[in-house]
Amino acid sequence: MQDSPGRRGLPRHAADERRVGALIRDMTLEEKIGQLTQVQGGEGAIPDWLHDSVAGGRTGSVLNEVDVGIANELQRIARQESRLGIPLLIARDVIHGFRTVFPIPLAQAASWNPEGVEEAARVAATEAAAAGINWIFAPMLDITRDPRWGRIAECLGEDPCLASALGAAMVRGLQDGAPNPRRRVAACAKHLAGYGAAEAGRDYAAASIPEGELRDVYLPPFRAAIEAGVASVMTSFSDLNGVPATANPFLLRQVLREEWEFDGVVVSDWNAITELAVHGLTEGDRQSAREAINAGVDIEMASGAYAGHLPDLLRSGEVSEAHIDEAVANVLRLKQRLGLFEDAFTPPGGVPTSTAEEHRRVARRSALESAVLLKNEGEVLPLRADTLRSVAVIGYLADDPYEQLGTWIFDGDPDLSVTLLEALRERLEPAVVVDYARGMETTRSRGRKYVDEAVAAARRSDVVLLVVGEESILSGEGHCRADIGLPGSQAELVAEVAATGRPLVLLVMAGRPLALGDVAERADAILYLWHPGTMGGAAVADLLTGVESPSGKLPVSFPRMTGQIPIYYSRRNTGRPATAGMPVPVEEIPPRAPQTSVGNRSFHLDAGDTPLWPFGYGLSYARFEYGDLRLAPDTISAGDALEVSANVTNAGEVEAVEVVQLYVRDLVASVTRPVRELKDFRRVRLAPGETRRVGFRLAGAQLAFHGLDMRPVIEPGRFRVWIGGSSAADLGAEFELTA
Ligand code: BGC
């Protein structure tokens, strides 16, 4: 047998395939099922049951073990005490960093910087691999359009083009970056599929997604991850159109294996196989094991339905040996690809301290690029260090080394954090007085206990930096909110501080877009920090003091109020779109107004039809102007490409980065198309006064969508393109796609 390029992504080597085949021929059924079983580690110890299970070949994979000594001992047991010496997969959720914590994934998405995201993932994988981990459960590629969903923090935003580019970058960083081939790591694209469309943004709730939308919006990031070579895929907990993803042959066999030719590992989510019964799909574990393995789930995470029932299901003929062997082959192939048969051990030294500074540099750059400037009236920012005498820093999130790290930071070390208060003090004192007031007990607390002190600090200062938002625990898995306004009495705190009349800068730390509504109006400037990670304080201090200009752009639309959800830029148009000027302020509608007097158009009387800030939006200390859009040619066929370009000018006074975005609308199609779709983007750094022509190659293939027959189609007709600094860009032109 020759080496072959593999069906998709990673190469298949003939010798590896021979070894996999030979091992499978030699394996007992119990050993095969062992390879399909992942157990929770002993958390810093190896209890007898775990030792026996690994030595007996009944466990092929361990989750949540992060002590390198224990990891090595587990590998030794697997290699030396088990009959076939098959090494272990040792898995962990490394969602946005290991010891060094990067901004939450949603924040990283605001950087629109694939290279930066890749670099952060590489650091995360390097640190995790030093602890003996060889399988990382990231990236999370669930598209969501619902900021109530707590896991929006973990995802890469609302748009498939952005999430695909950044997700593929994460895969490359996690898998390809480890400097030492003995420390290779497998990534895991999760959660296939539709998890982010949970009803009402309530975690684990069912998702109903028409197949065309599933294929056009929710699946592309997974496809991109597979093309980037992702080694594994995790199923979603949730029910997709009536069939939970973990037992969904359409997703796992038809799309993933047949259409995409994926030959990596499919792992269930935690207990998701046994939960099939709770969904109401199966009677219990026996049937759940049958449905999951037949649908194509290779490894069962945490629960024991495979171990308990596959032998009997095989005997009864409800599960075929071929299905089991195929799953085992997928697992063994992954172990081969990771080089584990050659060397499963990790040097015991942990992460070399020499790399710590470099890792912090990456975290700082990542936080710097993730912050989004949403408002800057009167150019309050950057702070003018030459004339400034005093700053009030209000809000306990300004000085909490833990909360700035965000959700999913099992291994993150708050002792490494640089808080905003620390960084500002270091930067500004003694020339500027930095006056700190806690402002609130927690973001959720009510009452005025800390308010007077905060107002007094504001009064004493030239400018107020008020840090509001959410603690880490208010987002992440299982942490959804029905009202995404500022929690507790923070809105009142903002109002009282604003009433002092001092220039007010709101710094928002949160795991999701918050509906800031009226609060936003009270502030002169708003810098959205998300949860910025270990180096958040240092990076934000750089931005506040103008060392660097903000360059982040929103990866999700920000609603004015919760009731607008879902609100996202790439909606379909309706026959009655709102027109400019709507709505009439609701309080001005006269009593007994005629039924049609406010227009019978698609908007909310109390919120209009636009978000507070659209997808792609973000300000800078510079000002960018767009002009002279050109298309060459202006007619193409499906197999061609055209060049779309525009002049981008930095009309400001400082050097800054702009994220130039390309949007398209297919004006007439057999299935109505979104009013805009992002097709490409590029970060460009421009000096003051500099103009650069930024061009994108737009291929006919990028205009494909899934037609009513669920096949990709590129339909001839007119298209409109826009280039600009957000999804509301107005510089556009039309072109024609011919048959
Ligand atoms: C999450 C997954 C995660 C797994 C293992 C589950 O609760 O949904 O994203 O990888 O736990 O920790």
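Just so it is clear, the structure is predicted and the values come from calculations on it, not from any experiment. First listed ligand is number 1; within each ligand, the first listed atom is number 1.
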Below 4.0 angstrom from a heavy atom of [X], which ligand 1 atoms are there? Numbered from 1 as shown, please.
X      : value
His191 : 2 (C), 8 (O), 9 (O)
Met234 : 2 (C), 10 (O)
Phe137 : 10 (O)
Lys190 : 2 (C), 3 (C), 9 (O), 10 (O)

OG1-OH distance between Thr144 and Tyr568, expressed to the nearest 0.5 angstrom
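The distance works out to 11.0 Å.
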Find the distance between CD1 (Ile473) and OH (Tyr402) and round it off to the nearest 0.5 Å.
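If we round to the nearest 0.5 Å, Ile473:CD1 and Tyr402:OH are 6.5 Å apart.
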Check this for me - ligand 1, [X], N or O atoms closer than 3.5 angstrom, yes or no?
X      : answer
Asp93  : yes
Trp408 : no
Asp269 : yes
Trp270 : no
Arg151 : yes

Does some non-hydrogen atom of Met140 fall short of 4.0 Å from ligand 1?
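Heavy atoms of Met140 never come under 4.0 Å of ligand 1.
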Which side-chain N or O atoms in residues 154-170 pair as donor and acceptor under 3.5 Å with protein atoms at least two apart or in another chain?
residue, atom, partner, partner atom, Å
Glu154, OE1, Arg151, NH2, 3.1
Glu154, OE1, Trp408, NE1, 3.0
Glu154, OE2, Arg151, NE, 2.6
Glu154, OE2, Arg151, NH2, 3.1
Glu154, OE2, Trp408, NE1, 2.6
Glu158, OE1, Ser557, N, 2.9
Glu158, OE1, Ser557, OG, 3.0
Glu158, OE2, Ser557, OG, 3.2
Glu158, OE2, Tyr569, N, 3.1
Asp159, OD1, Tyr569, OH, 2.6
Asp159, OD2, Cys161, N, 3.0
Asp159, OD2, Leu162, N, 3.0
Ser164, OG, Pro160, O, 2.6

If the condition is salt bridge (charged side-chain N to carboxylate O under 4.0 Å, His left out), which residues does Glu211 pass it with, not counting sequence neighbours?
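For Glu211, the residues satisfying salt bridge (charged side-chain N to carboxylate O under 4.0 Å, His left out) (neighbours in sequence not counted) are Arg215.
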Are the side chain of His96 and the backbone N or O of Thr407 linked by a donor-acceptor pair below 3.5 Å?
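Pair found, side chain donor or acceptor close to backbone of Thr407.
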Does the pair Arg337/Asp263 count as a salt bridge with the N-to-O cut at 4.0 Å?
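Answer for the salt bridge query: yes.
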Using the rule given for salt bridge (charged side-chain N to carboxylate O under 4.0 Å, His left out), can you reason through Asp325 versus Lys32, listing the C-alpha separation, both sets of side-chain angles and the distance that settles it, and then say yes or no?
CA-CA 8 Å; Asp325 286 357; Lys32 289 180 183 175; 2.8 Å; yes
